[in-house]
Peer 1: 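Got a structure here, written out as structure tokens. Questions coming.
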Amino acid sequence: MALRFFNTYPRKIEEFEPRDSTGNAVSIYTCGPTVYSRAHIGNFRAYIFEDLLQRHLELRGYKVHRVMNITDVDDKTIRGAREAKVPLAKFTEQFKQAFFVDSETLRIKRADEFPAATDQRYVERMIDMIRELIARGLAYQADDKSVYFRINKCPNYGKLAHFDLTQLQSTGRVKHDEYDKEHIGDFALWKAWDEEDGDVKWASPWGSGRPGWHIECSAMATALLGDQIDIHCGGVDNIFPHHEAEIAQSEGVTGKKFVRYWLHCAHLLVDGQKMAKSLGNFYTVPDVLAKGYTGRELRYALLRVHYRVPLNFTWEGMKEARESLGRIDEWLARLREIAKEENVQRSTPNAQRSIEPDFENALDDDLNISAALGFLFETIRETNRAMNENKRDATSAKTWLDWWKRINTVLDLESESEVAVPAEVAQLAEQRQNVRRENNWKRSDELRDRISELGWEVRDTKDGQKLTPRVTSG
RNA sequence: GGCGGGGUAGCCAAGUGGUAAGGUCGCGGUCUGCAAAACCGCUAUUCGCGGGUUCGAUUCCCGCCCCCGCCUCCA
């Protein structure tokens with residue numbers, strides 16, 4: 001099955017054909033965090049979607065070159081630094097670090113590059129691009145000294161978002177210097193310095209100031225990935241104006257089609273509403289960990305819903321994630337047990353269906369993760385049944401484990417390496433084993449409770465006791 | 001007002017012009033000293049509402065309702 005994605009530009013599912021038609025290289029640019037505060041789980045939903053995209057492309061044999069920018073200068077970072085009374089770089093550094101820590105917790109694959117907007121190389125490139133845009137009549141310096149993009153000179157402007165520019169109206173969300181601009185929709189390429197910017201400023205042909213948000217992505221994307229890139233992702237809220245502006249700027253300078261496929265991720269909702277500090281439903285990764293959940297549980301919860309469908313985050317959903325992962329863990333543990341055994345004669349040879357490519361095919365269809373997971377769980381049930389009926393041998397168990405290994409390059413949902421059983425727990429388990437031999441069930445149950453209090457679960461199987469660490473949620 | 005996304009069981013969620021995957025929860029059963037895990041069975045005559053097309057629609061068309069988002073620096 002051919003790989004297909006929903007492209008925001010034509011609003012259609014399209015077969016994926018990278019620019020490099022003979023090779024297998026794919027370039028991806030993803031809008032990264034603005035480091036003015038700790039990224040929240042809604043931000044991470046988008047990053048997990050991008051992670052899934054990259055991993056699936058790699059499973060399909062593509063060599064992915066991915067860039068994620070870090071926006072470390074804008075109104076919010078400047079305001080934050082002012083309020084904290086520290087230099088901008090120092091202020092943003094803590095959130096950059098936190099972003100990487102949280103990404104790792106969620107097992108998000110690192111991009112190949114994380115260019116920062118304040119990097120001198122890129123500031124220079126932004127200035128070059130703005131100069132070029134002015135030379136081509138696509139930009140102008142207004143009376144307020146800022147430089148704006150002239151959207152009326154760009155016939156394609158508005159096509160990504162399907163906006164009619166004459167209908168644009170101010171939401172009041174952003175401060176406008178409307179009298180300075182030719183058109184309300186003209187956006188800043190270079191923002192002239194003002195007092196509130198303090199010492200945050202760069203010299204430019206238009207005076208001191210700083211780059212606008214949109215131009216930084218155009219500059220960094222084309223600097224690292226070339227004039228034309230295969231896939232550009234972000235949240236749906238980036239469609240307008242950000243990505244629209246990126247197209248206008250990049251194509252305005254290069255004259256070439258900037259992006260082949262635009263992929264956008266729907267929002268994360270919390271209890272059916274947009275996440276907001278004022279509603280008390282605003283969560284960061286550490287907030288979720290503090291409730292007793294693990295990074296992989298959150299990864300699963302954010303991954304399991306198709307990226308174009310709004311995802312409602314709830315604590316009940318986190319519990320479901322935990323249970324579902326437990327099912328996978330249990331299945332893998334059983335397979336591993338059997339794979340270790342010598343190939344003893346089993347009554348029936350492979351009765352199970354052959355290893356189906358269903359999982360991967362589902363992902364080919366615009367990353368249909370829900371369908372893919374459906375196949376995984378069907379497989380789990382079927383192989384568990386076969387194991388219950390003793391119809392499994394080491395060879396077929398290994399085959400399934402290999403299959404898991406392959407799909408897990410995309411999912412990355414395996415549990416952390418086994419935690420050693422603490423001495424105290426081991427001792428109690430041994431005692432329990434002894435009293436069980438004497439059929440002292442009362443004492444056995446007491447010991448089971450004790451072990452449970454220590455955070456471990458004991459199960460009696462026909463091969464004796466099994467101890468598994470039990471995660472507790474708060 | 002304009003532009004999108006969504007409404008499928010208690011909850012989460014695939015999907016198709018021919019009669020509803022999967023997860024989770026709940027109930028019953030097998031297994032167990034009891035549990036746990038696993039498995040088996042049950043749990044939507046029905047897919048927001050009303051029309052239409054069709055032999056047949058949840059799926060296509062028309063109208064309507066509800067939720068969420070974007071409309072100039074929010075993933």
Side-chain angles (χ1 to χ4, degrees), chain A residues 8 11 30-34 39-50 71 74-76 149 151 158 161-171 173-176 181 183-188 191 212-216 233-242 244-245 264-269 272-276 300-301 304-306 308-312 314 316-317 319-324 326-327 330-331 333-334 362 368-378 380-382 384-389 436 439-442 444-445 448 452 457-462 466 468:
Chain A
T8 307
R11 298 264 153 85
T30 53
C31 287
T34 299
H40 55 69
I41 57 174
N43 299 119
F44 281 105
R45 188 215 178 169
Y47 305 144
I48 282 180
F49 142 64
E50 289 152 5
T71 298
D74 79 323
D75 291 351
K76 282 177 291 197
F149 189 94
I151 62 166
H162 295 210
F163 277 175
D164 176 357
L165 299 180
T166 61
Q167 298 281 334
L168 282 186
Q169 48 184 264
S170 173
T171 54
R173 202 175 76 189
V174 174
K175 180 183 72 176
H176 285 114
K181 296 198 285 188
H183 186 289
I184 186 179
D186 288 353
F187 55 88
K191 305 189 81 157
W213 178 43
H214 313 304
I215 193 71
E216 73 176 65
C233 318
V236 286
D237 47 357
N238 273 161
I239 295 171
F240 195 89
H242 187 52
E244 198 75 68
H264 292 98
C265 179
H267 273 270
L268 179 82
L269 304 176
Q273 288 181 293
K274 186 176 177 173
M275 193 162 35
Y300 183 87
R304 65 175 170 157
V305 175
H306 185 89
R308 281 193 290 117
V309 175
L311 167 57
N312 192 18
T314 61
E316 193 183 339
K319 276 196 199 122
E320 287 180 16
R322 168 169 295 170
E323 294 303 322
S324 304
R327 199 167 153 72
E330 204 63 44
W331 174 67
R334 288 184 79 182
N368 190 341
I369 188 70
S370 301
L373 290 172
F375 290 121
L376 170 62
F377 284 107
E378 276 175 20
I380 289 175
R381 194 180 58 241
E382 286 178 28
N384 274 336
R385 189 194 306 147
M387 285 190 276
N388 281 0
E389 293 165 358
R436 287 177 68 75
N439 289 358
N440 186 348
W441 308 125
K442 187 163 179 288
S444 169
D445 290 349
R448 184 165 61 194
S452 172
E457 185 177 64
V458 60
R459 285 186 209 147
D460 301 305
T461 73
K462 59 178 183 292
K466 287 257 157 46
T468 44

Peer 1: How would you label the contact of A:G42 with the nucleic acid (heavy atoms, under 4.0 Å): base, sugar-phosphate, or nothing?
Peer 2: base
Peer 1: Using atom C1' in both nucleotides, what's the gap between B:G22 and B:A14 to the nearest angstrom?
Peer 2: 7 Å
Peer 1: Partner lookup for B:G26, please. Criteria are Watson-Crick or G-U wobble with both distances under 3.5 angstrom; report none if nothing qualifies.
Peer 2: B:C42
Peer 1: By the 4.0 Å heavy-atom rule, please label A:H306 as base, sugar-phosphate, or nothing.
Peer 2: sugar-phosphate
Peer 1: Between B:A38, B:A21, B:U72, which nucleotide has the shortest distance from any of its atoms to the side chain of A:E378?
Peer 2: B:A21
Peer 1: Consider the side chain of A:E323, meaning its heavy atoms from C-beta on, and name the nucleotide among B:C39, B:U24, B:A14 that approaches it most closely.
Peer 2: B:U24
Peer 1: State whether the aromatic ring of A:W441 stacks on the base of B:G33, taking stacking to mean ring centres under 5.5 Å apart and ring planes under 30° to each other.
Peer 2: yes
Peer 1: Which one, B:G69, B:C70, B:A38, comes nearest to the side chain of A:F240?
Peer 2: B:C70
Peer 1: Going by purine N1 to pyrimidine N3 plus the second Watson-Crick contact, or the G-U wobble pair, all under 3.5 Å, which nucleotide sits opposite B:C31?
Peer 2: none
Peer 1: Does A:R45 reach a base, just sugar-phosphate, or nothing at all? Heavy atoms under 4.0 Å.
Peer 2: nothing
Peer 1: Name the nucleic acid region contacted by A:N439, choosing base, sugar-phosphate or nothing; use a 4.0 angstrom heavy-atom cut-off, strictly under.
Peer 2: nothing
Peer 1: At under 4.0 Å between heavy atoms, what does A:H267 touch on the DNA or RNA strands: base, sugar-phosphate, or nothing?
Peer 2: base
Peer 1: When all nucleic acid strands are considered with a 4.0 Å heavy-atom cut-off, which category describes A:L311: base, sugar-phosphate, or nothing?
Peer 2: nothing
Peer 1: If you go through the side-chain atoms of A:R448, does one of them form a donor-acceptor pair with the base of B:A35 closer than 3.5 Å?
Peer 2: yes
Peer 1: Taking the minimum atom-to-atom distance to the side chain of A:S370, which one of B:A38, B:U72, B:A14 wins?
Peer 2: B:A14
Peer 1: Could a donor-acceptor pair under 3.5 angstrom be found where the side chain of A:R381 meets the base of B:G22?
Peer 2: no
Peer 1: Can a side chain N or O of A:K319 be found less than 4.0 Å away from OP1 or OP2 on B:U24?
Peer 2: no
Peer 1: Taking any heavy-atom pair under 4.0 Å as a contact, classify A:N384: base, sugar-phosphate, or nothing.
Peer 2: sugar-phosphate
Peer 1: Using a heavy-atom cut-off of 4.0 Å across all strands, would you classify A:S444 as base, sugar-phosphate, or nothing?
Peer 2: base
Peer 1: Could you state the CZ-C1' distance from A:F375 to B:A13, rounded to the nearest angstrom?
Peer 2: 14 Å
Peer 1: Once you apply a heavy-atom cut-off of 4.0 Å, does A:E330 come out as touching a base, just sugar-phosphate, or nothing?
Peer 2: sugar-phosphate
Peer 1: Report the nucleotide, chosen from B:A13, B:U24, B:U72, that has the shortest atom-to-atom distance to any side-chain atom of A:R327.
Peer 2: B:U24
Peer 1: When we call it a touch if two heavy atoms are under 4.0 Å apart, what does A:R304 touch: a base, just sugar-phosphate, or nothing?
Peer 2: sugar-phosphate
Peer 1: Do A:W441 and A:N439 come close enough that some side-chain heavy atom pair is under 4.5 Å?
Peer 2: yes
Peer 1: Using 30° and 60° as the class limits, which term best fits the ring planes of A:F149 and A:F187: parallel, tilted or perpendicular?
Peer 2: parallel
Peer 1: At under 4.0 Å between heavy atoms, what does A:L269 touch on the DNA or RNA strands: base, sugar-phosphate, or nothing?
Peer 2: sugar-phosphate
Peer 1: Would you say the side chains of A:R334 and A:N388 form a donor-acceptor pair under 3.5 Å?
Peer 2: yes
Peer 1: Taking N and O atoms by type only, does the side chain of A:D460 place a donor or acceptor under 3.5 Å from a partner on the base of B:C34?
Peer 2: yes
Peer 1: From B:A38, B:A14, B:G23, pick the nucleotide closest to the side chain of A:S324?
Peer 2: B:G23
Peer 1: Please state whether the phosphate of B:C40, meaning OP1 or OP2, lies under 4.0 angstrom from any side-chain nitrogen or oxygen of A:R385.
Peer 2: yes
Peer 1: Is there a donor N/O on one and an acceptor N/O on the other, under 3.5 Å, for the side chain of A:D445 and the base of B:G33?
Peer 2: yes
Peer 1: Given that A:E457 and A:K76 both sit by RNA chain B, which one's nearest nucleotide is further toward the 5' end?
Peer 2: A:E457
Peer 1: Does OP1 or OP2 of B:C74 have a side-chain N or O of A:N43 closer than 4.0 Å?
Peer 2: no
Peer 1: Taking N and O atoms by type only, does the side chain of A:E320 place a donor or acceptor under 3.5 Å from a partner on the base of B:G23?
Peer 2: yes
Peer 1: For B:G1, which nucleotide is its Watson-Crick or G-U wobble mate, given both distances must be under 3.5 Å?
Peer 2: B:C71
Peer 1: Would you mind classifying the nucleic acid contact of A:F187 as base, sugar-phosphate or nothing, using non-hydrogen atoms under 4.0 angstrom?
Peer 2: base
Peer 1: Examine distances only and state if a side-chain atom of A:S370 and a backbone atom of A:R304 form a donor-acceptor pair shorter than 3.5 Å.
Peer 2: yes
